[in-house]
Amino acid sequence: MSRFWSDVVKGLTPYVPGEQPKLANLVKLNTNENPYGPSPRALAAIREATGESLKLYPDPNAEQLKLAIGKYHGIDARNVFVGNGSDEVLAHAFLGLLKQARPILFPDISYSFYPVYCGLYQVAFETIPLADDFSIQLSDYAKPHGEKCGGIIFPNPNAPTGCLVPLAEIEILLRSNPDSVVVIDEAYVDFGGESAIPLVARYPNLLVVQTLSKSRSLAGLRVGFAVGHVDLIEALERVKNSFNSYPLDRLAIAGATAAFEDREYFDKTRNAVIASREKLVAELKALGFEVLPSAANFIFVRHPKHDAEKSALALRQRSIIVRHFKLPRIEQFLRITVGTDEQCAALVAALKAILEQR
Ligand code: PMP
């Protein structure tokens, strides 16, 4: 605390990202990164972009990337917004679309950056509890007596649970909230969900946010995007152009564009992650773990007889890191990123040893 801080800064509770340890030889299963590298075509494009042209500013509109995203998803580039990671895109959505007179709604157990953005931009919010099985029940988001909410945001699949809301239920939500913006944060959708992007053409209140950090293995490049009606995109552009004209540098634009053009590598690696997840789920269930149904590149598990925090510590002593949240309702869960088959095998062997010891 300093007397030089503004009142806004004094009141902030910043987001704490998962640990990025400097140690080598760790099995790092704590921040939902992709265990496979980025597309070789993306890496080649980045290398090619590191030349004399870096003396010039990048395209502030990242048109080339918007066109590649539009082509991939079969939509017009005018319906696409791009930003420095989907965190930045989400931040602009909070300020540009979700900051309303009425409170917005999101799940009580969800991406912990949402309340942080609410703090930063002074957005009023209410949290809606997950059901007993940890699923999001969208019928709980209907306000009584036809009252409107300021907007709705949730990840699909949800984080940290991995649970998926079917598209048919999202469509009912969009139809019953025509006057509120609904933001679907699809950071993990490529690992087993169905994207809501095709609904954008019919619902002007829908904004879908995705990232290249997970299924395209480019967390280090910081690229995310949103798809929505041109009016929603314009709101995000207005915020962006009042904040930073060049959120994506030349390397990011080149690498992200090439990643979208390499469908084959994308399908190969995401299918490998999905296959490893299914194998890992079966093995952990055999060890007595309860595993929530996951459509993501991570799983959320608890053991009826073993304390989650102690298990996380014991794993760390064996150089394996997973994520434990000391939060009500989920303090007995571990969130485990799906790694390569070898990393998953190391995790299963370590957990087996830990459970046998106690
Ligand atoms: N949404 C969710 C649900 C996430 O888990 C994450 C990753 N922490 C993000 C958005 C942000 O990802 P990025 O900024 O890397 O695109």
Side-chain angles (χ1 to χ4, degrees), residues 14-20 28-35 38 42 62 65 69 80-94 98 104 106-118 120 127 130 134 136 152-165 170 182-193 195-196 207-227 236 240 243-244 247-249 252-253 255-256 259-260 270 273 292 294-300 321-325 327 330 333 335-338:
Y15 175 74
V16 183
E19 191 189 348
Q20 294 293 347
K28 188 176 176 307
L29 305 176
N30 66 328
T31 47
N32 301 340
E33 286 132 333
N34 193 315
L65 175 58
I69 294 171
V80 182
F81 175 82
V82 294
N84 189 268
S86 60
D87 278 341
E88 186 184 75
V89 178
L90 290 167
H92 291 348
F94 272 82
L98 298 175
I104 63 161
F106 51 79
D108 61 340
I109 297 167
S110 190
Y111 187 30
S112 44
F113 226 134
Y114 301 159
V116 175
Y117 291 132
C118 288
L120 178 61
T127 57
L130 295 185
F134 295 94
I136 294 176
I152 295 169
I153 180 166
F154 62 93
N156 198 39
N158 194 14
T161 62
C163 301
L164 188 74
V165 178
I170 291 179
V182 175
V183 180
I184 319 271
D185 176 356
E186 294 188 337
Y188 303 100
V189 78
D190 293 325
F191 299 105
S195 175
L207 189 79
V208 181
V209 178
Q210 290 197 2
T211 177
L212 278 78
S213 298
K214 315 293 179 178
S215 56
R216 287 186 174 76
S217 200
L218 286 168
L221 202 63
R222 311 303 304 130
V223 184
F225 64 97
V227 178
L236 302 180
K240 172 234 166 201
F243 178 74
N244 177 5
L248 294 195
D249 58 52
I253 294 170
F260 267 101
R270 74 161 160 170
V273 171
L292 296 191
S294 170
N297 68 336
F298 57 86
I299 55 173
F300 208 45
I321 45 176
V322 299
R323 191 104 191 244
H324 174 252
F325 299 91
L327 294 172
I330 57 167
F333 279 90
R335 193 196 67 190
I336 305 172
T337 305
V338 177

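Starting from 1, each residue takes its place in the sequence as its number. Note that ligands are numbered from 1 as they come in the structure, with each ligand's atoms numbered from 1 the same way.
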Quick one: which ligand 1 atoms are inside 4.0 Å of a heavy atom on [X]?
X	result
G85	14 (O), 16 (O)
T211	13 (P), 15 (O), 16 (O)
R222	13 (P), 14 (O), 15 (O)
A187	1 (N), 2 (C)

What is the nearest protein non-hydrogen atom to [atom], stated with its residue, atom name and distance?
atom	answer
atom 8 (N) of ligand 1	Y111 OH, 3.2 Å
atom 11 (C) of ligand 1	D87 OD1, 3.1 Å
atom 15 (O) of ligand 1	S213 OG, 2.6 Å

Evaluate the criterion side chain to side chain donor-acceptor pair (under 3.5 Å) for residue pair T211 and K214; output intermediate values, then yes/no. CA-CA 7 Å; T211 177; K214 315 293 179 178; over 6 Å; no

Between V89, L90, V208, N156, which is the residue that forms a side-chain contact (heavy atoms from CB on, under 4.5 Å) with D185? L90

Among residues at least two apart in sequence or on other chains, which ones pass ring pair (Phe, Tyr, Trp, His ring centres under 6.0 Å) with Y188? F298

Sequence neighbours left out, what passes ring pair (Phe, Tyr, Trp, His ring centres under 6.0 Å) with F300? Give chain and number order. F333

Between K214, E88, E33, E186, flag the one that comes closest to atom 7 (C) of ligand 1 by a heavy atom. K214

Would you confirm whether T337, through its side chain, and L29, through its main-chain N or O, come within 3.5 Å as a donor-acceptor pair? yes

Over-ring placement of R216 relative to F260, 6.0 Å and 45° cut-offs: yes

Which class fits the ring pair Y114 and F94: parallel under 30°, tilted 30 to 60°, perpendicular over 60°? tilted

Give the ring-plane orientation class for Y111 versus F113, where under 30° counts as parallel, over 60° as perpendicular and anything between as tilted. perpendicular

Between [X] and ligand 1, find which residue part has any heavy-atom pair under 4.0 Å and reply side chain, backbone, both or neither.
X	value
Y188	side chain
S86	both
D185	side chain

